[in-house]
Amino acid sequence: MRNTRRSLLAVAAVTAGALALSGCSGGGGGGGGGGEDGEVRLQMVETLTNPARSAILKELIAGFEGENPGVTVELVSPPSEQAVSTVQQMLQAGNGIDVLEVQDSTIGPFSSNDWLYDMNGDLEGWEGWDALTDNALRFAQPDGPTYMMPYGFYGLSLFYRTDLVEEAGFDGPPHSWEEMIDQAKAINDPSQNRYGYAFRGGSNSASNVVAIIEAYVADDLDVENAFLLKNGDTIFSAPEAQEAMDKYMELFTEGSPPSSIAWGYPEMVQGFSSGSTAFLLQDPEVIATIRDSSTLTEEQWSTTPLLVGPTGKAAQPIATAGWGVADSSEHKEEAMELIKYLASGDAPLTFAKGNSLVPILKSAADDPFFSEGPWATYVTMNEDPETYLNVTQPRGVAWWQEWSEKSDRELQEVLLGQTSTADLLATWDEYWSGKFASEG
């Protein structure tokens, strides 16, 4: 998810931002309060902020207001670098939020602090259920409380340069990690400022390591908790994890730009869209970015499904975000109407198209926008769940942010030659084994 691409600012700065935002609220209690004419004013806070996205949300909000006279919605868009921490401070204060963006990596800490409202009762009998995909239902109808209605999904695929693959003598894009490493090494030519793979060595770098490890242990993977094997051990303890790590280091040293040791999301996307790298493992949101590139034409690039491991399978992690209601909101009924509106009719497809998300509605399969071109890769993977396993990573645990920071730091030590891949895997195995043991 994109929130992991962003660092958190100091608490003092966050607190100041939270106070400034909560000061926007004209009413008391947990939300926007009532207007001067007795209208209900909802305050809605997003966290994955950018101007184009906010503009789409405002259009959808205007549609909701048109269908719900007497209810107005104020969209608050904190700067993305501090948005999650700002929302956390606002929730802790119990002031300034009715509807909020909930990510799979924040639902754990937010709900464990009783900041989120359980929407189960309000969604009982909702007519929108039948239109949702199985993945959407999986998150919107969990066994326990419902704290989030998903608005879309993020799914990894491999972006590749069609021209460079052909020039290197290959018949088509790679299907496996092994093939991709071979192609990246063949294309890699520093003297021409041309490199094989847009390696991720900076922020959220461990996510790509996990992707290759999960592919290598796919036959033994616990799909409900993809950091575990079916026998209860962590994926980092498997012999195949060491093989995957060795391959990943080979990709770094022989098929990637040396500067990519520090690349995070912006740099790796820029590396591909500028034409300097041939392969990029990323979310579908990058489709729009590359299409806007002045360097690459539509004929020069495409996407292909997730790379499989030695047994011919890949793990497709289900990453999502959505809308929830603050438990402190004084206008839960109106807040729930907004959430239902955003999850039904044309609204979900409008939002998914504008933000390059895998949509939550079944009807998207019949929409050429999602069934043709680079998007067709995601249809291919969804139609072949035996090869591309739908798995859930434990992103909802309260310690996910701790893990993200720890894993990035420790992987950087490996890339710098300060520790071995074996020691790294042992450390990660010990960390997750301890966390899962303490959890239950």
Side-chain angles (χ1 to χ4, degrees), residues 1-8 105 154 156 158 177 180-181 184-185 195-217 221 226-228 233-272 277 279-283 306-307 309 314-315 317 319 391 393-395 397 399-436:
M1 285 291 289
R2 290 171 53 198
N3 71 295
T4 54
R5 302 169 190 144
R6 304 178 174 99
S7 59
L8 301 180
S105 58
Y154 300 87
L156 290 175
L158 185 71
W177 277 97
M180 197 273 288
I181 293 170
K185 290 163 61 177
Y195 299 92
Y197 183 68
F199 190 86
R200 186 167 201 161
S203 174
N204 198 27
S205 54
S207 63
N208 284 10
V209 176
V210 169
I212 187 172
I213 291 175
E214 288 177 343
Y216 271 62
V217 301
L221 198 60
F227 275 30
L228 289 177
D233 295 337
T234 79
I235 60 173
F236 309 111
S237 68
E240 295 87 351
Q242 183 63 62
E243 182 182 359
M245 279 298 311
D246 292 342
K247 285 294 181 183
Y248 199 64
M249 289 301 295
E250 180 183 346
L251 177 62
F252 172 61
T253 58
E254 300 183 44
S256 305
S259 60
S260 64
I261 191 172
W263 283 10
Y265 172 78
E267 294 82 10
M268 62 194 300
V269 173
Q270 173 64 19
F272 185 85
T277 60
F279 300 106
L280 169 71
L281 191 67
Q282 257 304 332
D283 296 331
L306 268 176
L307 300 161
V391 304
Q393 295 177 345
R395 297 175 58 85
V397 296
W399 60 85
W400 185 261
Q401 183 62 36
E402 175 187 274
W403 157 252
S404 298
E405 295 171 359
K406 166 188 169 65
S407 57
D408 283 355
R409 181 178 65 253
E410 292 171 346
L411 179 59
Q412 185 70 196
E413 293 172 358
V414 172
L415 299 176
L416 291 169
Q418 296 173 352
T419 189
S420 69
T421 56
D423 287 343
L424 176 75
L425 291 171
T427 298
W428 288 0
D429 173 46
E430 180 181 8
Y431 177 85
W432 281 101
S433 295
K435 290 293 189 181
F436 288 138

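Note that the coordinates shown come from a computational prediction; the quantities given were computed from them, not determined experimentally.
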Between [Y] and [X], is there a side-chain heavy-atom distance shorter than 4.5 Å?
X	Y	result
Y216	K247	yes
D246	E250	no
E410	T419	no

Rounded to the nearest 0.5 Å, what separates atom [atom1] in [X] from atom [atom2] in [Y]?
X	Y	atom1	atom2	result
M245	E240	CE	CD	15.0 Å
L251	S256	CG	OG	4.0 Å
D408	S207	CG	OG	8.0 Å
Q412	L424	CD	CG	12.0 Å
T234	D429	OG1	CG	3.5 Å
I235	Q393	CD1	CD	7.5 Å

Go through the steps for F227 and V210 under the test side chain to side chain contact (heavy atoms under 4.5 Å, CB included), then give the verdict.
CA-CA 8 Å; F227 275 30; V210 169; 3.7 Å; yes
Hey, can you tell me if [X] and [Y] have their rings parallel, tilted or perpendicular (30° and 60° cut-offs)?
X	Y	value
W177	Y248	perpendicular
F199	Y197	perpendicular
W428	F236	perpendicular

Grab the two heavy atoms, one from [X] and one from [Y], that are nearest each other, plus how far apart they are.
X	Y	result
L411	A206	CD2-N, 4.1 Å
L415	G201	CD1-CA, 3.9 Å
S205	R200	CB-O, 3.1 Å
P394	W400	O-CE3, 3.2 Å
I212	V209	CG2-O, 3.1 Å
P317	L306	CD-CD1, 4.3 Å

How about F252 and W263: are their ring centres within less than 6.0 Å of each other?
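So the answer is no for these two rings.
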Under the side chain to side chain contact (heavy atoms under 4.5 Å, CB included) rule, what do D283 and Y265 come out as? Steps first, then yes or no, please.
CA-CA 10 Å; D283 296 331; Y265 172 78; 5.9 Å; no
For the backbone of A198 and the side chain of S260, can you confirm whether one donor and one acceptor N or O come within less than 3.5 Å of each other?
no
Step through the shown structure and confirm whether more than 12 heavy atoms of other residues, nucleotides or ligands are within 6.0 Å of CD on E430.
no
T277/M268 under side chain to side chain contact (heavy atoms under 4.5 Å, CB included): CA gap, chis, key distance, verdict:
CA-CA 9 Å; T277 60; M268 62 194 300; over 6 Å; no
Check step by step if side chain to side chain contact (heavy atoms under 4.5 Å, CB included) holds for T427 and K406.
CA-CA 10 Å; T427 298; K406 166 188 169 65; 3.5 Å; yes
Could you check whether T421 and Q242, counting side-chain N and O atoms only, form a donor-acceptor pair closer than 3.5 Å?
yes
